[in-house]
Colleague: 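Handing you a structure now.
Ligands are counted one by one from 1 in listed order, and the atoms in each one are counted from 1 as well.
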Amino acid sequence: MTETTLTLNNGVTLPALGFGVFQTPAEETVAAVTEALRVGYRHIDTAAAYGNEREVGQAIAASDVDRSEVFVETKIWISDYGYDATLHAFDKSAGKLGVEQIDLLILHQALPSRFDLTIDAYRALERLLADGRVRAIGVSNFMPEHLDRLLAETSVVPAINQIEVHPYFQQRELLAKDAALGILSQAWSPIGGITFYRDGAHGSTLEDPTIVDIARAHGKSPAQVMLRWHLQQGRQAIPKSTKPARIAENLDVLDFELSAEELARIDALDTGVRGGPEPEQITLDTFGREIPEA
Ligand code: NDP
């Protein structure tokens with residue numbers, strides 16, 4: 001039986017499946033999040049850089065679901081790294097979301113060439129945690145060496161590392177590192193979105209013959225098989241869709257179980273080819289951009 005709730009290293013719990021809104025246009029975000037809450041998602045993942053925090057907050061405020069039942073996660077963009085700048089970035093995000101407290105606040109990327117700024121930003125997250133402004137803190141796209149550098153200079157072990165994980169890019173060494181440190185791995189592009197909306201290096205995970213074959217055997221869809229693979233391996237996953245049928249489909253993964261052999265067949269699909277930007281190459285020059293005030 002797969003747990004539908006996961007517990008972070010500080011005891012805070014969250015659903016095993018959340019709802020992502022990267023590339024969801026602001027004007028479609030209220031409808032998408034409203035539908036997600038209606039069909040049962042209780043965790044929304046947004047980011048300052050997505051430009052739709054305000055609409056995420058509007059959908060939560062307008063829904064019948066009590067705010068206390070929705071786990072709200074957002075990310076600080078690199079342009080707001082630095083102790084004071086990151087404290088202010090919390091105010092911007094909380095203001096747009098219309099919430100007093102953010103459930104999970106994470107650093108969107110490491111800045112390898114300015115790790116001093118990354119550390120200062122994380123220290124601001126530690127302050128926000130101590131002050132009760134956030135319930136948990138974490139990171140995203142941190143590689144093993146980034147985690148080592150962070151842990152050497154800060155005191156709170158991140159609760160989460162949100163990283164690219166799908167059948168074609170599995171990052172097993174990083175998953176093991178997260179697990180050894182007590183950090184929950186949260187899979188972005190969990191159904192391989194980046195393999196079909198951006199990455200030209202290989203085909204779509206949705207059309208992979210092995211995944212299609214396993215899906216047929218269970219009377220489920222390829223997306224559902226990939227989400228099940230994450231859950232059975234203990235990862236949190238945050239699929240994104242703006243289409244009501246797919247929003248519901250991606251949550252409907254609790255009525256079947258992949259066998260050990262099926263999990264191994266999916267494990268064997270790893271290509272080692274990353275779809276997203278190389279974490280080591282993130283710089284303020286190439287990726288910096290201003291995050292508007294609330
Ligand atoms: P996903 O793996 O969630 O795939 C999303 C894509 O798949 C969209 O094009 C969507 O289109 C389509 N889709 C969704 N459900 C189905 C389905 N059942 N069948 C077929 N197609 C489907 O990729 P994302 O990159 O969006 O990742 C999910 C979330 O992870 C993001 O929304 C964001 O919250 C987070 N993320 C974080 C990053 C980071 O750097 N920390 C980077 C990237 C993502 P449609 O909407 O038209 O249904």
Colleague: Strictly distance-based, threshold 3.5 Å: is any side-chain N or O of His146 a donor or acceptor partner for the main-chain N or O of Met143?
Modeller: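 Such a contact is found between His146 side chain and Met143 backbone.
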Colleague: With a cut-off of 4.0 Å, which atoms of ligand 1 are near a heavy atom of Glu249?
Modeller: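 In order of number, 17 (C), 18 (N).
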Colleague: Quick one: look at His166 and ligand 1, take heavy-atom pairs under 4.0 Å, and tell me if it's side chain, backbone, both or neither.
Modeller: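 Neither part.
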Colleague: Which heavy atom of the protein is the closest neighbour of atom 45 (P) of ligand 1, given with residue, atom name and distance?
Modeller: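 Residue, atom and distance for the closest contact: Arg246 NH1, 3.3 Å.
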Colleague: Looking only at protein heavy atoms, which one is nearest to atom 25 (O) of ligand 1, and what is the separation?
Modeller: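 The closest one turns out to be Tyr197 OH, 2.4 Å.
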Colleague: Which atoms form the tightest heavy-atom contact between Ile102 and Arg67, and what is the distance?
Modeller: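 Closest approach of Ile102 to Arg67, heavy atoms only: CA-NH2, 4.5 Å.
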Colleague: Would you mind running through ligand 1 and noting each atom that sits below 4.0 Å from a heavy atom of Gln162?
Modeller: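 The atoms of ligand 1 under 4.0 Å from a heavy atom of Gln162 are 35 (C), 36 (N), 37 (C), 38 (C), 39 (C), 41 (N).
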Colleague: Counting only N and O atoms by type, is there a donor-acceptor contact under 3.5 Å from the side chain of Asn141 to the main-chain atoms of Pro279?
Modeller: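 Side chain of Asn141 to backbone of Pro279: no pair is present.
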Colleague: Return the closest protein heavy atom for atom 28 (C) of ligand 1 as residue, atom name and distance.
Modeller: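 For atom 28 (C) of ligand 1, the nearest protein heavy atom is Ile238 O, 3.0 Å.
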Colleague: Give a yes or no answer on whether the side chain of Glu126 reaches the backbone of Ser155 with a donor-acceptor pair at less than 3.5 Å.
Modeller: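 Yes, Glu126 side chain to Ser155 backbone: donor-acceptor pair under 3.5 Å.
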Colleague: Decide yes or no for Tyr50 and Thr74: does some side-chain heavy atom of the first lie under 4.5 Å from some side-chain heavy atom of the second?
Modeller: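 Side-chain contact under 4.5 Å: no.
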Colleague: Please list, in number order, the atoms of ligand 1 under 4.0 Å from a heavy atom of His108.
Modeller: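 Close to His108: 39 (C), 40 (O), 41 (N).
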Colleague: At what distance is the nearest protein heavy atom to atom 34 (O) of ligand 1, and which residue and atom is it?
Modeller: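 In this structure, atom 34 (O) of ligand 1 has Asp45 OD2, 2.6 Å as its nearest protein heavy atom.
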Colleague: Taking only heavy atoms of Gly20 into account, list the atoms of ligand 1 that are under 4.0 Å away from them.
Modeller: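 Ligand 1 atoms under the 4.0 Å threshold to Gly20: 32 (O), 34 (O).
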Colleague: Looking at atom 27 (O) of ligand 1, what's its closest protein heavy atom, distance included?
Modeller: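 Nearest neighbour among protein heavy atoms for atom 27 (O) of ligand 1, to 0.1 Å: Ser189 N, 3.0 Å.
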Colleague: Counting distance only, does the side-chain N/O of Asn250 pair as donor-acceptor with the main-chain N or O of Arg246 below 3.5 Å?
Modeller: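 A pair under 3.5 Å: yes.
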Colleague: Looking only at heavy atoms, what is the nearest atom pair of Arg149 and Pro112, with distance?
Modeller: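 So the two residues come closest at NH1-O, 3.8 Å.
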Colleague: Within the 4.0 Å heavy-atom shell around Lys243, which atoms of ligand 1 are there?
Modeller: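 In order of number, 45 (P), 47 (O), 48 (O).
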Colleague: Among Met226, Gln109, Lys240, which one has a heavy atom closest to atom 46 (O) of ligand 1?
Modeller: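 It is Lys240 that holds the nearest heavy atom.
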Colleague: Would you say that more than 12 heavy atoms from the other residues, nucleotides or ligands in this model lie under 6.0 Å from the CD of Glu173, or not?
Modeller: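 Atom CD in Glu173 is not packed in, count stays at 12 or less.
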Colleague: Report yes if Phe22 has an N/O atom closer than 3.5 Å to an N/O atom of ligand 1; otherwise report no.
Modeller: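 Yes, at least one N or O pair falls under 3.5 Å.
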Colleague: If you count the non-hydrogen atoms of other residues, nucleotides and ligands that lie under 6.0 Å from CD in Glu278, is the total more than 12?
Modeller: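 Buried by this count: over 12 neighbours within 6.0 Å.
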Colleague: Return the residue, atom name and 0.1 Å-rounded distance of the protein heavy atom closest to atom 9 (O) of ligand 1.
Modeller: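 The protein heavy atom lying closest is Phe196 CE1, 3.8 Å.
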Colleague: Look only at the side chain of Glu207 and the backbone of Ser204, and say whether a donor-acceptor pair between them is shorter than 3.5 Å.
Modeller: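 No: the side chain of Glu207 does not pair with the backbone of Ser204.
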Colleague: Might you confirm whether atom CD of Glu290 has over 12 heavy atoms from other residues, nucleotides or ligands at distances under 6.0 Å?
Modeller: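 No, the 6.0 Å shell around CD holds no more than 12 heavy atoms from other groups.
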Colleague: Any heavy atom of Gly276 closer to ligand 1 than 4.0 angstrom?
Modeller: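 Outside the 4.0 Å threshold, so no.
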Colleague: Check each atom of ligand 1 against the heavy atoms of Ala223 and keep those under 4.0 Å away; list them by number with element.
Modeller: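 Ligand 1 atoms under the 4.0 Å threshold to Ala223: 17 (C), 18 (N).
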Colleague: Heavy-atom distances under 4.0 Å are what count here, so tell me which part of Ser140 touches ligand 1: side chain, backbone, both or neither.
Modeller: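 For Ser140, only side-chain atoms sit under 4.0 Å from ligand 1.
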Colleague: Please verify whether a non-hydrogen atom of Ile194 lies at under 4.0 Å from ligand 1.
Modeller: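 Contact absent.
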Colleague: Given 3.5 Å as the limit, does a donor-acceptor pair link the side chain of Arg235 with the main chain of Ser185, or not?
Modeller: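 Answer holds: no.
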Colleague: Answer with yes or no whether Gln23 contacts ligand 1, where contact means a heavy atom under 4.0 Å from a ligand atom.
Modeller: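 Under 4.0 Å: no for Gln23.
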Colleague: Determine whether the side chain, the backbone, both or neither of Ser221 has a heavy atom under 4.0 Å from any heavy atom of ligand 1.
Modeller: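 Neither; nothing of Ser221 gets under 4.0 Å from ligand 1.
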Colleague: Considering only heavy atoms of Gly193, which atoms of ligand 1 have at least one such atom less than 4.0 Å away?
Modeller: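 Matching atoms, with element in brackets: 1 (P), 2 (O), 4 (O), 23 (O).
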Colleague: When you measure from atom 40 (O) of ligand 1 to every protein heavy atom, which one gives the shortest distance, and what is it?
Modeller: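 Checked against all protein heavy atoms, atom 40 (O) of ligand 1 sits closest to Asn141 ND2, 2.9 Å.
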Colleague: Nearest to atom 42 (C) of ligand 1 by heavy atom, Phe19, Trp188, Tyr50: which?
Modeller: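 It is Trp188 whose heavy atom sits nearest to atom 42 (C) of ligand 1.
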Colleague: Keeping to residues at least two apart or across chains, list the side chain to side chain donor-acceptor pair (under 3.5 Å) pairs with something in residues 6-19.
Modeller: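 Sorted pair list comes back empty.
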Colleague: Which ligand 1 atoms does Leu206 reach within 4.0 Å, using its non-hydrogen atoms?
Modeller: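 Per the distance check, 20 (C), 21 (N).
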Colleague: Strictly distance-based, threshold 3.5 Å: is any side-chain N or O of Lys177 a donor or acceptor partner for the main-chain N or O of Glu145?
Modeller: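 Between the backbone of Glu145 and the side chain of Lys177 there is no qualifying donor-acceptor contact (under 3.5 Å).
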Colleague: Taking Thr29's backbone N and O only, do any of them form a donor-acceptor pair with Thr24's side chain (distance below 3.5 Å, no angle check)?
Modeller: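 Checking the backbone N and O of Thr29 against the side chain of Thr24, no donor-acceptor pair under 3.5 Å is found.
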Colleague: Relative to ligand 1, is Asn250 under 4.0 angstrom through side chain, backbone, both or neither, heavy atoms considered?
Modeller: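 The part of Asn250 near ligand 1 is the side chain, not the backbone.
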